[in-house]
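All chains are named by letter (A, B, ...) in the order of the sequence lines, taking the proteins before the strands, and each is independently numbered beginning at 1.
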There are 2 protein chains.
Amino acid sequence: MKVIDAPLRQAGAVIAQSCADCPVRSEALFGVLGSGTVERAGEGVESVRLLPGQRVYAQGFIGGSLFTVREGIVRFERVTEAGDRRIVRLAGRGGLIGQEALLHQGYADEAVACTEVQVCRIPKAVVERLAVREPTLHRELMRRWQSSLEAAEEWTAELTSGTTRRRVLQLVARLAELAGPSDCIWLPPRHEMGVMLDMAFETASRVIGQLRRERILETYFPAGARVDRALLAQALHRENNRM
Amino acid sequence: MKVIDAPLRQAGAVIAQSCADCPVRSEALFGVLGSGTVERAGEGVESVRLLPGQRVYAQGFIGGSLFTVREGIVRFERVTEAGDRRIVRLAGRGGLIGQEALLHQGYADEAVACTEVQVCRIPKAVVERLAVREPTLHRELMRRWQSSLEAAEEWTAELTSGTTRRRVLQLVARLAELAGPSDCIWLPPRHEMGVMLDMAFETASRVIGQLRRERILETYFPAGARVDRALLAQALHRENNRM
DNA sequence: CGAGCCGTTGAGGGGATTCAAGCTCAGTGG
DNA sequence: CCACTGAGCTTGAATCCCCTCAACGGCTCG
């Protein structure tokens, strides 16, 4: 409790707001429930704001809560046997994270805010209570688990193989998706990029520099960029078809 | 338990056997059910034998069945945007695969037998029917989903980073776990190793050759090896602490 | 017996890492 | 106000790990 709440409380204000008119409700876990049910469900749920770098939860902690991402990007990281950090996937708006809390298990990995993030903290008990009456919730939970699984597998397939250029392009493409329709995306510090893509941060910097020279990216301080989606798609396509 | 499957039929003999006295029952999905329930559950389930290289199911296929692995090793592979195969995780004895069938979705990736494999084909309807009466089954399904997720993330963390030597050692260690207590393990053809670890097959061959010279492995034809677990653990430990 | 597949090994080249230096920018304190 | 510091980004040069290309041997099978 302390481990989770302590960093969160100082992080930002808890916004009292009804789940029923949540802007991400349709994309979120409770999107499958009726309005009345959501109203009851909302009791016990709290909205939390996190700054970049702050943890949503710690690996191994038996937390009792799962979270819906309302805004921002969250990364999942673990420490390898070799002792270095490795990022295994990302979650964005509408994503459900920390589901394993429902199983009385410790969290499988560390969840950390990449950007400024807003999450809804949903105590395990709330879900358990609802699930008895609402069979659709079970199905929705399974669906969420499956999409987490697919996200993890896709990360392996697309972001861990090929040249450094290909991997960086893939990452940027994914970040552009997470950013929604806007062309302004969050671009990680080079060191984080290295941890995500398993390359030296200097290499990440070189590739980004190259993309900038090709007008695919225009980087801003401290961690943003504007992407030319057409050029990006084109570069990715070229990269994928030669080799 | 019944006896047939169209695409799988040619693969091998179907063994008529009761689910209640299945040797892997305690590790399998229905391990959480009582004996009487298992007996009823078994109707509609069929056991299938597959040879190395044969598919359990195809990516995208809307199958209507999930599977429990009774024996052998199954790999999950997908085709990347760049057009090459990539293996994203393995499943062994007791593992549940193809769960996404429960969600009316196509299978997320291709499941292929690595070794000779025995699986139990469980029609979606069987699980759905049981789940109504048996709330523990829901929990067990979620638990399975979570372990698939963790297997995928661990694959990313441990098998896609570091030197080729470290990756091969990690793979061998995992194969040794899947092999159970025996020191004789399945060792993939070098080309498969390359697809698993994202390296050229010649490189895989070189590393295996090195391990053989270090007496960590003794390879057999066509796809087996005897491992010295002590030396393997030692080599891994050394590898993980320098760098 | 030749064809084909798989595994091994060598030589050479290239892409990524490593080691370094120089840069900008924020924050700090004289 | 400005020197100082440290963190993050960039770029260069040298090294090395791994890939590519190639040749060869063992085995299976038609």
Indicate the ring-plane relationship of A:Tyr107 and A:Phe61, choosing parallel, tilted or perpendicular according to the 30° and 60° boundaries.
->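 Plane angle under 30°, so parallel.
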So A:Tyr57 and A:Phe76, would you call those rings parallel, tilted or perpendicular, with 30° and 60° as cut-offs?
->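 Taking A:Phe76 first and then A:Tyr57, their aromatic rings sit tilted (interplane angle of 30° to 60°).
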Quick one: do the A:Gln210 and A:Arg206 side chains pair a donor with an acceptor below 3.5 Å?
->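 No pair is found: no donor N or O on one side chain lies under 3.5 Å from an acceptor on the other.
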Per-nucleotide protein contact string for nucleotides 13-30 of chain D (B base, S sugar-phosphate only, - none; heavy atom under 4.0 Å) | B----SSBB---------
Under 3.5 Å, side chain of A:Arg144 to main-chain N/O of A:Gly95, donor-acceptor pair present?
->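 Not confirmed, A:Arg144 side chain does not pair with A:Gly95 backbone.
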Backbone N or O of B:Val24 within a donor-acceptor pair of the B:Glu27 side chain at under 3.5 Å?
->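 No, the answer is negative, given that no donor and acceptor are paired below the 3.5 Å cut-off.
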Residues touching DNA chain D, which here means a heavy atom under 4.0 Å, drawn from residues 187-197 of chain B =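 Here the set is empty: none.
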Nearest whole angstrom, please: distance from the [atom2] of [N] to the [atom1] of [X].
X        : N      : atom1 : atom2 : result
B:Ile208 : C:dC6  : CD1   : P     : 16 Å
A:Asp84  : C:dT17 : CG    : P     : 13 Å
A:Gln210 : D:dG12 : CD    : P     : 12 Å

Before accepting this row, confirm whether a basic side-chain N of the pair B:Arg165/B:Glu214 lies closer than 4.0 Å to the acidic partner's carboxylate O.
->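 Salt bridge present between B:Arg165 and B:Glu214.
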May I ask you to evaluate whether A:Arg166 reaches the phosphate of C:dG15, defined as a side-chain N or O under 4.0 Å from OP1 or OP2?
->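 So the side-chain polar atoms of A:Arg166 never come under 4.0 Å of the phosphate oxygens OP1 or OP2 of C:dG15.
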For B:Glu192, what residues pass the salt bridge (charged side-chain N to carboxylate O under 4.0 Å, His left out) criterion, not counting sequence neighbours?
->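 Testing B:Glu192 for salt bridge (charged side-chain N to carboxylate O under 4.0 Å, His left out), a comparison that skips the adjacent residues, returns B:Arg75, B:Arg85.
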Under the 6.0 Å and 45° cation-pi test, does A:Arg190 pair with A:Phe201?
->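 The answer is no, since A:Arg190 fails at least one limit relative to A:Phe201.
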